[in-house]
Amino acid sequence: DPDYDGPLTGASSKITQLIAARGVGASPRDLEHLHALYAGEVSALDVKVGALLDRLSQTLGAENTIIAILADHGESLGERGKFFHGEDLFEPAMRIPFLVSWPGKIEAGKTLGGLVHTLDLAPTLLGLVGIPASAEAEGNDLSGPLLGESTQEPRNLVAFLETVGGVCIALGLFPGPAKPPLAALE
């Protein structure tokens, strides 16, 4: 975004100020630049992950390597007047990557319906290599659907978030309807 000449330089101090102010004083151009900075971070990470995957493929062989990439939260960048994460359950803060790759085992481009959770990672990785998760594991083993051995989709969950003064005080997930109504997500 070489034409931008506003206050957001990409320095963490400037972005922290924007978070603290909840976007007050940010112009539409500032928000456009914030989106460009975020896209630049994602692109830079993509290059580094690509280099890592290339190195793993050369040394271990892609068919011998399970790759999982996920995040703990998304980011709101001014959508609905929200910034960053932890204060709402709107899509920008809640939708995260949950990617699993195992060439020759998991079909490229495979997607699962329903909601998945970061707690599903350990049971899924264990399931992929044939080790059952402990009975105490809270997540779901998604290895069957990923490997095409089962059509069981992830369970649908309903999420809730309670905040007081902008601080998250409770976040929970519980079993929900087969397809949550869209209005509940808006």
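All values below were derived from every heavy atom in this structure, side-chain atoms included, with hydrogens, water molecules and symmetry-related copies excluded.
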(request) Starting at CH2 of W102, measure out to CD1 of I67 and round the result to the nearest 0.5 Å. (result) 12.0 Å
Cut-off 3.5 Å, no hydrogens considered: what does the side-chain donor-acceptor table look like for residues 49-63, sequence neighbours left out?
residue : atom : partner : partner atom : Å
T59     : OG1  : R55     : O            : 2.9
T59     : OG1  : L56     : O            : 3.4

Under the side-chain contact (heavy atoms from CB on, under 4.5 Å) rule, collect the residues that match up with [X], sequence neighbours excluded.
X    : answer
A122 : none
K14  : L8, T9, A11, Q17
L126 : I131, A133
S134 : E136, A137

(request) Not counting sequence neighbours, which residues clear side-chain hydrogen bond (donor to acceptor under 3.5 Å, both in side chains) with S27? List them please. (result) D30
(message) Restricting to side-chain hydrogen bond (donor to acceptor under 3.5 Å, both in side chains), what partner residues turn up for E107, sequence neighbours left out?
(response) none
(message) side-chain contact (heavy atoms from CB on, under 4.5 Å) for V129 and I66? Distances and angles first, verdict last.
(response) CA-CA 9 Å; V129 297; I66 299 172; 3.8 Å; yes
(request) Evaluate the side-chain proximity of F98 to L121: yes if any heavy-atom separation is below 4.5 Å, no if none is. (result)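 In short, these two side chains touch, coming nearer than 4.5 Å.
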(request) Indicate yes or no: at least one non-hydrogen side-chain atom of I106 is less than 4.5 angstrom from one of L128. (result)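 Heavy-atom side-chain distance check passes, below 4.5 Å.
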(request) Could you pull out the closest heavy-atom pair between L18 and A26, with the gap in Å? (result) CD1-CB, 3.7 Å
(request) Grab the two heavy atoms, one from P145 and one from L112, that are nearest each other, plus how far apart they are. (result) CB-CD2, 3.6 Å
(message) Filter on ring-ring contact (aromatic ring centres under 6.0 Å, His included), then keep only pairs touching residues 2-51, sequence neighbours left out; what's left?
(response) Y4-H33
(request) Could you pull out all residues at least two apart from E32 that satisfy salt bridge (Lys or Arg N to Asp or Glu O under 4.0 Å)? (result) R29
(message) The test is side-chain contact (heavy atoms from CB on, under 4.5 Å); show your working for V100 and L146 and say whether it passes.
(response) CA-CA 8 Å; V100 181; L146 286 172; 4.3 Å; yes
(request) Report yes or no: does T124 contribute a side-chain atom to a donor-acceptor pair with the main-chain N or O of L142 at less than 3.5 Å? (result) yes
(message) Does K105, at its NZ atom, have more than 12 non-hydrogen atoms belonging to other residues, nucleotides or ligands within less than 6.0 Å?
(response) no
(request) Treat each ILVMFWY residue as a node, draw an edge where side-chain heavy atoms are under 4.5 Å apart, and state whether L70 and L45 are in one component. (result) no
(message) Would you say V42 ends up clustered with L99 if hydrophobic residues are merged whenever their side chains have heavy atoms under 4.5 Å apart, either directly or through other cluster members?
(response) no
